Amino acid sequence: MLKFDFTNAISDNVANGVSIEDVKKISRRLHDFLESFRQGMPGFAKILDEQEDERRKIVDFAEKNQHFKNFVVVGIGGSALGVQAIKGALLHSEWNSLSDDERNGYPRLFVMDNVDPEHIAELLDIIEPRQTLFNVVSKSGSTAETMANYLIVRGLLEAHGLDPKKHLVFTTDPNEGTLRKISIDEDIPAFSIPPNVGGRFSVLTPVGLLSSAMVGIDIAEMIDGAKEELQSFLSQDDALKNPVLFNAALHYLYSKMGKNISVMMPYSNALYTMADWYRQLWAESLGKEKDLTGEIVNAGQTPIKSLGTIDQHSQVQLYMEGPNDKIITFLRVEEFRRKTVIPKLHEDKKTLSYLGGKEMKKLINAEQEATALALMEKGRPSLTISFEKIDAREVGIFFFYYELTVMATGFLYGINPFDQPGVELGKTNTYALMEREGFEEQKEHVENLRKNLKYLVM
Ligand code: PA5
């Protein structure tokens, strides 16, 4: 179970904060959201029941292919961040450096997302294509970065005389797009991303589940966690007892008060990539020019990630004393998977002796609490989400909790959290600059924009 503590975000504790009365004033709209959700669930919730067959196929496929030494996910954005988040949270932090025995025979896991030529070349330096299975993930089957990386990988397989059917597996739309077509034409195995699930909401589809199963993560546990979260959300009408509604209300009300930044600060290295996943979900879902009536609203908060305790020595000074424009979400862990006790040494030195004999867990959690309290005293709102322990179930709860929360927040803003017109525009400009057929008009438009770049300073 995750625990949600909103105390330090409420005006009883934080000066000029959102009050319980403020939350109650929008409880009608929160209730409307819950009701509309009950009437028609979005795709990301429907998959929990609808993709059981697909999940069985994933487990079966993983069992048959675990002899590969490397599993490389080729994807970007919503087709990569969930994989990174799961890898960070649930695998040993040095997984790819462990021996085969230490990994219990499961493959190493890599993500090929960016099109930085050095990143790609260096990744390919350390994997042997014969021992590698590449999972090309793209819902549209046309994103330039993923397609370019697919071509690189395919070229590599061909150069080594390897059968693409044995070294490639696609995760894509069930019917549309180039990847699906190639998979049908060439009999390359492929898993489906349901058309009604957007990229950043797709972590609990084969997008995030195939790589998880390949490295021995219990995907059924992750889905059970998400189902548990869905039930808990549906069963609580009172916004003050429903963590999804309460959190959505706080973020919405604080953003209306000018807190345009939402920081997620895990006090756990393993949860740092979860904050990356959250950043995309929050930014792409809520950052919208227009609301559902077409009015210009420029909604959204800028999501920032920070790592405790490291960023106490980098960012927290700004959070404490800089512009009061943030709401901070701390993530903490009650039971870490490894126990580290600080040795009792130098007992005659006061600056060291208070640490000796204590568990490191006590130190990291004390630092988190101390920071939250200090921020509260400075009138800076925060909330704390506690993991009992980081495991597949709690990770599933977390993903689903935030998918619900971002949707609820979008409802309050009156925007569509499921589209990304801004991303699409950038993609179209890239096609134009890369001279893709059919984008000639856009190319002319982009060339005209370029002419305005008058202040190039060398
Ligand atoms: O959330 C989204 O929709 C985007 O971030 C996409 O996941 C990203 O652009 C990659 O798209 P695709 O999976 O179609 O290659």
Side-chain angles (χ1 to χ4, degrees), residues 1-9 13 84-95 97-98 102-103 215-218 221-222 225 228-229 243 247 263-278 304-317 319-320 328-377 380 382-399 401-402:
M1 286 290 284
L2 299 186
K3 272 196 310 198
F4 302 85
D5 187 350
F6 299 108
T7 313
N8 296 334
N13 294 290
Q84 303 271 33
I86 295 170
K87 180 182 178 203
L90 296 176
L91 296 186
H92 189 291
S93 60
E94 300 298 332
W95 178 257
S97 311
L98 299 179
E102 286 164 330
R103 294 192 320 273
V215 293
I217 291 168
D218 188 340
E221 274 290 299
M222 206 152 30
E228 185 182 314
E229 176 55 32
N247 200 356
V263 179
M264 180 167 280
M265 187 165 186
Y267 276 67
S268 150
N269 283 38
L271 295 179
Y272 199 32
T273 47
M274 289 294 224
D276 264 327
W277 173 84
Y278 159 81
I304 301 275
K305 65 169 184 169
S306 246
L307 179 62
T309 65
I310 290 175
D311 285 321
Q312 279 181 217
H313 306 274
S314 155
Q315 298 290 296
V316 168
Q317 167 64 28
Y319 301 170
M320 280 303 167
I328 298 167
T329 300
F330 292 109
L331 305 181
R332 61 183 262 151
V333 181
E334 299 308 334
E335 278 311 320
F336 285 84
R337 288 161 289 193
R338 304 290 283 266
K339 182 170 164 173
T340 306
V341 179
I342 306 168
K344 278 189 183 200
L345 298 168
H346 295 295
E347 292 198 62
D348 55 332
K349 300 204 169 45
K350 280 189 194 155
T351 49
L352 301 179
S353 60
Y354 72 99
L355 294 167
K358 295 194 179 120
E359 275 190 49
M360 208 65 116
K361 168 182 91 172
K362 183 171 171 141
L363 177 60
I364 196 164
N365 282 341
E367 300 236 23
Q368 184 274 318
E369 195 182 350
T371 306
L373 292 174
L375 284 165
M376 183 188 79
E377 276 200 290
R380 316 288 164 131
S382 73
L383 53 117
T384 302
I385 302 179
S386 307
F387 283 68
E388 201 174 303
K389 56 183 185 308
I390 305 172
D391 62 14
R393 177 176 288 262
E394 298 214 3
V395 164
I397 295 176
F398 181 87
F399 283 137
Y401 170 78
Y402 264 104

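The structure displayed is predicted, hence computed values, not measured ones. FYI, side chains are in, hydrogens and waters are out, and symmetry mates aren't considered; it's all heavy atoms of this structure.
- V263 places none of its side-chain heavy atoms less than 4.5 Å from the side chain of Q315.
- A side-chain N or O of Q312 and one of Y267 form a donor-acceptor pair less than 3.5 Å apart.
- Between S306 and P266, the shortest heavy-atom contact is O-CD, 2.9 Å.
- The shortest side-chain heavy-atom distance between M274 and V395 falls under the 4.5 Å cut-off.
- Here the closest non-hydrogen pair linking I397 and G225 is CG1-O, 3.3 Å.
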Apply the test side chain to side chain contact (heavy atoms under 4.5 Å, CB included) to residues T329 and I385: give CA-CA distance (whole Å), side-chain angles for both, the deciding distance (0.1 Å), then the verdict.
CA-CA 7 Å; T329 300; I385 302 179; 3.9 Å; yes
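- With values rounded to the nearest 0.5 angstrom, L383 atom CG is found 9.0 Å from L331 atom CG.
- The side chain to side chain donor-acceptor pair (under 3.5 Å) test applied to N365 returns no partner, not counting sequence neighbours.
- Interatomic distance, CD of E334 versus CD1 of I390, reported as 11.0 Å (0.5 Å rounding).
- Looking only at side-chain heavy atoms (C-beta outward), L375 and N8 stay at 4.5 Å or farther from each other.
- Relative orientation of the F4 and F6 rings is parallel, given thresholds of 30° and 60° on the angle between their planes.
- K389 has a carboxylate O that lies under 4.0 Å from a charged side-chain N of D391, or vice versa, which qualifies the two as a salt bridge.
- Under a 3.5 Å cut-off, the side chain of E394 and the backbone N or O of M1 do form a donor-acceptor pair.
- Of all the heavy atoms in L90 and R337, the pair that sits closest is CA-NH1, 3.9 Å.
- Annotation: the span from L98 atom CG to S93 atom OG amounts to 8.5 Å, rounded to 0.5 Å.
- Using a 4.5 Å heavy-atom threshold, the side chains of R380 and I328 count as separate.
- The closest side-chain heavy-atom distance from N247 to Y402 is below 4.5 Å.
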Could you please spell out the steps behind the side chain to side chain contact (heavy atoms under 4.5 Å, CB included) verdict for L307 and K305?
CA-CA 7 Å; L307 179 62; K305 65 169 184 169; over 6 Å; no
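- Of the possible polar contacts, one joining the N13 side chain to the T7 backbone as a donor-acceptor pair under 3.5 Å is found.
- Remark: side-chain polar atoms of Y401 are not paired, donor with acceptor, to backbone N or O of L2 under 3.5 angstrom.
- Inter-residue side-chain proximity for H92 and E102 is flagged as unmet; no heavy-atom pair is nearer than 4.5 Å.
- Closest approach of A275 to M264, counting heavy atoms only: CA-SD, 3.8 Å.
- A donor-acceptor contact shorter than 3.5 Å links the side chain of T273 to the backbone of Q84.
- Taken to the nearest 0.5 Å, the OG1 atom of T384 stands 11.0 Å off from the CE atom of M265.
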Side chain to side chain contact (heavy atoms under 4.5 Å, CB included), that's the test. Do D5 and F330 meet it? Break it down for me.
CA-CA 10 Å; D5 187 350; F330 292 109; over 6 Å; no
Under the side chain to side chain contact (heavy atoms under 4.5 Å, CB included) rule, what do E369 and R332 come out as? Steps first, then yes or no, please.
CA-CA 9 Å; E369 195 182 350; R332 61 183 262 151; 4.3 Å; yes
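- With sequence neighbours excluded, the residues satisfying side-chain contact (heavy atoms from CB on, under 4.5 Å) with E347 are K344.
- Between W277 and F398, the angle of the ring planes lies from 30° to 60°, which puts this pair in the tilted group.
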Check: residues 353-364 side-chain donor-acceptor pairs under 3.5 Å, at least two apart:
{"unit_1": "S353", "atom_1": "OG", "unit_2": "K349", "atom_2": "O", "d": "3.3"}
{"unit_1": "K358", "atom_1": "NZ", "unit_2": "Y354", "atom_2": "O", "d": "2.5"}
{"unit_1": "K361", "atom_1": "NZ", "unit_2": "E335", "atom_2": "OE2", "d": "3.0"}

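- Under the 3.5 Å distance criterion, with hydrogens and angles disregarded, no donor-acceptor pair is assigned to the side chains of Y319 and D311.
- Atoms CD1 and CE, from I86 and M222 in turn, are 4.0 Å apart once rounded to the nearest 0.5 Å.
- Interatomic distance, CD1 of I310 versus CG of N269, reported as 6.0 Å (0.5 Å rounding).
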